[in-house]
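Everything below concerns the one structure shown next.
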Amino acid sequence: MSEHKDFIREIIDEDNRTGKFDGRVHTRFPPEPNGYLHIGHAKAILLSYGIAQDYGGKFNLRFDDTNPCKEEQEFVDSIIEDIRWLGADWEDRLFFASDYFDQLYEWAERLIEKGLAYVCDLSADEMREYRGTLTEPGKNSPFRDRSVEENLDLFRRMKAGEFPDGAKTLRAKIDMAAPNINLRDPVMYRILHAEHHRTGDKWCIYPSYDWTHGQSDSIEGITHSICTLEFEDHRPLYDWFLEALEVYHPRQIEFARLNLSHTVMSKRKLLGLVESGVVDGWDDPRMPTLSAMRRRGYPPEAIRDFCAHIGVSKADNLVDIALLEYYVRDRLNKTAPRVMAVLNPLKLIIDNYPDGKVEWLDAENNPEDESAGTRKIPFSREIYIERDDFMENPPKKFFRLYPGNEVRLKHAYYVTCTDVVKDAAGEIVELHCEYDPKSRGGWNPEKGTIKGTLHFVSAAHAIPAEIRLYEKLITVADPSNTRKGKSHLDYLNPNSLKILTNCLVEPGLAECSPGDIFQFMRKGYFCADKNSTKDRLVFNRTVTLRDTWKKIREKAGNRG
RNA sequence: UGGGGUGUAGGCAAGUGGUAAGCCACCGGUCUUUGGAAUCGGCAUUCGGAGGUUCGAAUCCUCCCACCCCAGCCA
């Protein structure tokens, strides 16, 4: 089984063979600080960073902050935090496109002097009309043939603040009939009397992304500018700028962005969910943002595993969110300490266990990791078990607790159900059992296989907790491909968040800190929320355990 | 009816003229003090379609079809 390389690494191998960049490999991740990073960005970051690592090259972080109206320091901070958490390292190479504003301005004047750029007075609407359509060529701006002197003068006065927003633009003089619309005299500068998060009020003209991006990569000596598919037909424009300027020319390679099932990934839609209150902020654990995944308990290693395995190609894709969850479980299974928590408690009284007696039993912390050691858990006459683990009239193949059945209480004893107590409404309020004193620790060699094993907490020792259960945000796999007139908002999962407030957890959890991740045995992985305190424990369900019993039940249900 | 891309299993994705990897999902067995984990097995006679070249085609050629992106002074 040979390790295969993605098509980008193959291109880099080829460049190294031919000596195109003298064997250098230098990549970058260029986010715009106008929102939070999501799992799709993680794919891009890890791709570029991973390539730099594989080839002994360098990786830069550069903020593409050319639009002061949308960008904020808050986003710069969150992006830096998220990339650090993911594990990509830009060392001392943190840059901002705004660092290059002076250079870009100088280059713009150079293009004007070469007769390759001009100041245009067309309004936004007029410019749209002049641009033509997908099938018809555009027509030249009436301002296209201004003299170099006039252009220089006007451009300097734009910079000096003599004109209001939108009054003029600087445009590249390329070809209004180009079949590639990006080449129809694109805007290089627009007038924006806006405060920039880094340059303040120094500028009232701002370079467009297209005019900034390629040159920024050039300035930084990037060899391979890896970006997503939608920029493929901007590449000829970047080539044009770089050639006109006669500066160092990186190679741009495009790949398909990640789409994840049962969620949305566009910043616009994500922003909409936040602003409309559908979710409780960018780090609501239901969001596909990295900050949400961190809060929910996804380890960065799992995200790296996921990104390393989804592949890189140019084909549109929709990756099943089950794959991400698989890698989360895979990591957590090896690392998360096992504890017992009862989400929906049902009291169980062991009639033949001495009243007032407490035994502290040994419990292993992680069967996958012996070095995780053991802890002591309390056992007593009154305990709580999971309500789901008892059925008065069980279906076939149910081997949990029911009248007359014997089950194992994990790490403790075997118990047999002897009585069911109900309230006036017929609701089961408590169970009575007898325990087998010879089964201490959960094993009696005299008996055959005990199939059912239940988790529990000791009533006198358990501590209360709030537990938040999360499910998919959206009920359909691909909300971008739904019936006419429907959007992702028509497919929000009403059960995406369920808050349980009467949960009971084993006493050791009182000491846990926000961010700690556990396996609540038989229930799933849970992460102490950022707002969890000793007095008010709050856990987020990271992901459930695989549940074959649930599957059997659902199948039976479908048949019936 | 412009330009740029992409089509291999339910979802990703290898494959680069020599007879369809792997992962997830799904199905079944073993094992188990978590119905977890682990483990074993099953899962494309065929690569968007049709022709053609060749001893041999997912790979080369021709035509066709489908889907995605582009008409911001957003990135």
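Lettering of chains follows the sequences in order, A, B, ..., and the numbering in each one begins at 1.
In this entry the distance linking CG of A/Asp316 with C1' of B/U8 reads 16 Å, nearest Å. Summarising the geometry, the separation between CZ on A/Arg546 and C1' on B/G35 is reported as 10 Å, rounded to the nearest angstrom. With rounding to whole Å, A/Phe526 atom CZ is found 13 Å from B/G36 atom C1'. Distance, A/Arg329 CZ to B/G36 P: 11 Å, rounded to whole Å. For A/Lys410 and B/G36, the NZ to P distance is 13 Å, given to the nearest whole Å. One interatomic measurement links the two molecules: CD1 of A/Ile552 to P of B/C27, which rounds to 10 Å at whole-angstrom precision. Note: CE (A/Met521) to P (B/G36) measures 12 Å, nearest angstrom. Atom pair A/Glu254:CD and B/C68:C1' shows a separation of 14 Å (rounding to whole Å applied).
Remark: A/Arg128 is in phosphate contact with B/G72, judged by side-chain N or O atoms under 4.0 Å from OP1 or OP2. Side-chain nitrogen and oxygen atoms of A/Arg522 include at least one within less than 4.0 Å of the OP1 or OP2 phosphate oxygen of B/G35. Look at A/Arg131 and you'll find a side-chain N or O under 4.0 angstrom from OP1 or OP2 of B/C73. The shortest distance between the side-chain N/O atoms of A/Lys551 and the OP1/OP2 oxygens of B/C26 is below 4.0 Å. Between A/Arg184 and B/G3 there is no side-chain polar atom (N or O) within less than 4.0 angstrom of OP1 or OP2. The phosphate of B/C31 has neither OP1 nor OP2 within less than 4.0 Å of any side-chain N or O from A/Lys451.
With hydrogens and angles ignored, a donor-acceptor pair closer than 3.5 Å exists between the side chain of A/Gln519 and the base of B/U34. At a cut-off of 3.5 angstrom, the base of B/G36 holds at least one donor-acceptor pair with the side chain of A/Glu368. For A/Arg400 and B/G35, a side-chain-to-base donor-acceptor distance below 3.5 Å is present, hydrogens and geometry of angles not being considered. With hydrogens and angles left out, the side chain of A/Asp233 and the base of B/G3 share a donor-acceptor pair within 3.5 Å.
Looking at heavy-atom distances under 4.0 Å, A/Pro367 makes contact with a base. Using a 4.0 Å heavy-atom cutoff across all strands shown, A/Ala315 reaches sugar-phosphate atoms only and no base atom. Using a 4.0 Å heavy-atom cutoff across all strands shown, A/Leu318 reaches sugar-phosphate atoms only and no base atom. A/Phe306 comes within contact range of no nucleotide atom at all, as no heavy-atom separation falls under 4.0 Å. Here A/Thr169 lies in heavy-atom contact (under 4.0 Å) with a base. At the heavy-atom level, A/Lys168 lies nowhere under 4.0 Å from the strands shown. Residue-level contact check: A/Tyr206 touches neither bases nor backbone, having no heavy atom under 4.0 Å from any strand. Among the heavy atoms of the strands, none lies under 4.0 Å from A/Leu409. Base contact: A/Thr133 has a heavy atom under 4.0 Å from a base atom. Residue A/His213 is classed as having no contact, given no heavy-atom separation below 4.0 Å to the nucleic acid. Across all strands, A/His411 comes closer than 4.0 Å to base atoms (heavy-atom distances). No contact: A/Arg171 has no heavy atom under 4.0 Å from any strand. Among the atoms of the strands shown, base atoms are found under 4.0 Å from some heavy atom of A/Ser123. Within 4.0 Å of A/Phe231, counting heavy atoms only, lies at least one base atom of the nucleic acid.
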Using a cut-off of under 3.5 Å, enumerate the N/O to N/O pairs linking the protein to nucleotides 15-17 of chain B.
unit_1	atom_1	unit_2	atom_2	d
B/U16	O4	A/Glu10	OE1	3.1

Notebook entry, point to check: Would A/Asp210 and A/Tyr238 satisfy side-chain hydrogen bond (donor to acceptor under 3.5 Å, both in side chains), going step by step from the backbone distance to the final call?
Noted result: CA-CA 7 Å; A/Asp210 278 341; A/Tyr238 303 159; 3.0 Å; yes
Next item on the list: Under the side-chain hydrogen bond (donor to acceptor under 3.5 Å, both in side chains) rule, what do A/Asp65 and A/Ser98 come out as? Steps first, then yes or no, please.
Entry: CA-CA 6 Å; A/Asp65 53 351; A/Ser98 53; 2.7 Å; yes
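Taking only side-chain atoms of A/Ser313, from C-beta outward, the nucleotide of B/A13, B/A37, B/A75 with the closest atom is B/A13. Of the candidate nucleotides B/G36, B/C73, B/U33, B/G36 has the atom lying nearest to any side-chain atom of A/Thr548.
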Checklist line | Dot-bracket encoding per residue of RNA chain B, Watson-Crick/G-U cut-off under 3.5 Å, | denoting interstrand | finding: .(((((((.[[[..)..(...]]].(((((.......))))).....[[[[[..)....]]]]])))))).....
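Residues A/Tyr209 and A/Phe231 bring their aromatic ring centres within 6.0 Å.
Base orientation for B/G72: syn, the chi torsion being within 90° of 0.
With A/Tyr414 as the aromatic partner, A/Lys447 does not meet the cation-pi criteria of under 6.0 angstrom to the ring centre and within 45 degrees of the ring axis.
Between B/A58 and B/G17, the two C1' atoms lie 11 Å apart (nearest whole Å).
Remark: A/Glu32 in residues 31-39 of chain A come within less than 4.0 Å of RNA chain B through at least one heavy atom.
Of the possible polar contacts, none joining the A/Arg184 side chain to the A/Gly132 backbone as a donor-acceptor pair under 3.5 Å is found.
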